[in-house]
Amino acid sequence: ATNEENNSVQASYFDGRIEQLNVNYKGQKVNNGQLLATIYSPNLVAAQQELITAASLKESQPALYQAVRNKLKKWKLSDTQIDAIESSGKVRDNFPVYATINGTVSEVMAREGDYIKQGQPILKVSNLNSVWADFDAYENQISNLKEVYNQKLSKTDWIIIRDQEL
């Protein structure tokens, strides 16, 4: 079983519709910075238009210009992305969502075409460097059990307790 302490959720930073889900099955490896999904967000489209308008007024209304930039940053757009929108003067329809951790997908919580809210989970990702082993024992075997921490087992190892194979 996965170590629940090593599970993380990758969530959307903004409302929208998942146009493309690049990580879409359980067991798939995920790396920090990897493109997880592309989302169409009407709120981001409107905010980009606000940025383009505010950029033309930044000399006379610098507070408005900075407020619009900060709004986009809260949705996890980088300065590079914001600068590109501003310099091109063009609105992008779809935005990327990138992984913030390394791990293995343990659950896909959204699909292409789904409408999601800000903060809604897209994937559950687990770090499998540490896992839990769950097993059952009969009452008459309990005296043969002992606690073991940080035990390293491979797929072919047998669990040996007090020199007895179970």
Side-chain angles (χ1 to χ4, degrees), residues 1-51 66-88 90-137 145-161 166:
T2 62
N3 181 343
E4 295 293 327
E5 295 171 355
N6 292 336
N7 289 344
S8 296
V9 173
Q10 295 286 252
S12 174
Y13 299 120
F14 39 84
D15 297 347
R17 182 182 64 241
I18 298 176
E19 294 293 309
Q20 184 175 12
L21 189 60
N22 297 340
V23 178
N24 52 18
Y25 62 88
K26 191 175 179 177
Q28 193 169 355
K29 299 280 187 219
V30 172
N31 296 310
N32 190 6
Q34 178 180 341
L35 179 63
L36 299 178
T38 305
I39 299 176
Y40 167 74
S41 173
N43 291 339
L44 272 176
V45 169
Q48 289 175 86
Q49 191 58 53
E50 288 174 26
L51 174 67
Q66 197 57 49
V68 174
R69 285 188 68 90
N70 288 340
K71 181 181 191 178
L72 291 168
K73 285 181 185 179
K74 286 183 182 176
W75 283 326
K76 302 295 184 191
L77 269 68
S78 68
D79 283 324
T80 304
Q81 289 174 306
I82 296 169
D83 292 342
I85 295 164
E86 186 178 337
S87 64
S88 73
K90 294 183 181 172
V91 173
R92 289 182 56 186
D93 289 333
N94 298 318
F95 279 87
V97 175
Y98 296 103
T100 57
I101 57 161
N102 296 318
T104 302
V105 175
S106 56
E107 185 178 354
V108 178
M109 304 172 88
R111 299 278 177 218
E112 279 186 18
D114 285 357
Y115 287 86
I116 57 175
K117 296 283 186 193
Q118 181 177 1
Q120 184 175 337
I122 298 171
L123 302 168
K124 187 176 182 183
V125 179
S126 300
N127 178 340
L128 299 181
N129 290 335
S130 170
V131 294
W132 294 337
D134 294 328
F135 63 94
D136 295 321
L145 300 178
K146 65 180 179 179
E147 270 187 63
V148 179
Y149 293 98
N150 296 324
Q151 183 69 34
K152 294 192 186 250
L153 299 173
S154 70
K155 289 187 227 176
T156 58
D157 286 336
W158 290 92
I159 296 176
I160 299 176
I161 300 171
L166 294 180

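Leu44 is listed as a side-chain neighbour of Leu77, based on a closest heavy-atom distance under 4.5 Å. Side-chain atoms of Ile122 and Met109, non-hydrogen and from C-beta on, never get closer than 4.5 Å to each other. Here the side chains of Val125 and Val23 are not in contact, with every heavy-atom distance at 4.5 Å or above. Between Asp83 and Arg69, some side-chain heavy-atom pair lies under the 4.5 Å cut-off. Taking 4.5 Å as the limit, some side-chain heavy atom of Lys73 sits within range of a side-chain heavy atom of Asp79. Here the side chains of Val108 and Leu123 are in contact, with some heavy-atom distance below 4.5 Å. The side-chain heavy atoms of Leu36 and Tyr98, taken from C-beta on, include no pair separated by under 4.5 Å. Counting heavy atoms from C-beta on, the side chains of Pro121 and Glu107 never come closer than 4.5 Å.
Between the side chain of Glu86 and the main chain of Leu51, no donor-acceptor pair closer than 3.5 Å is present. Although no hydrogens or angles enter the test, the distance criterion places no donor-acceptor pair under 3.5 Å between the side chain of Ser12 and the main chain of Gln120. One N or O on the side chain of Asn102 and one on the backbone of Asn32 form a donor-acceptor pair closer than 3.5 Å. In this structure a side-chain-to-backbone donor-acceptor pair under 3.5 Å is missing from Thr104 to Gly27.
Listed here is the closest heavy atom pair of Arg17 and Gly113: CG-O, 3.7 Å.
Taking NZ of Lys76 as the start and OG1 of Thr100 as the end, the distance is 9.0 Å to the nearest 0.5 Å.
Every residue was checked against the salt bridge (charged side-chain N to carboxylate O under 4.0 Å, His left out) condition with Arg92, not counting sequence neighbours, and none meets it.
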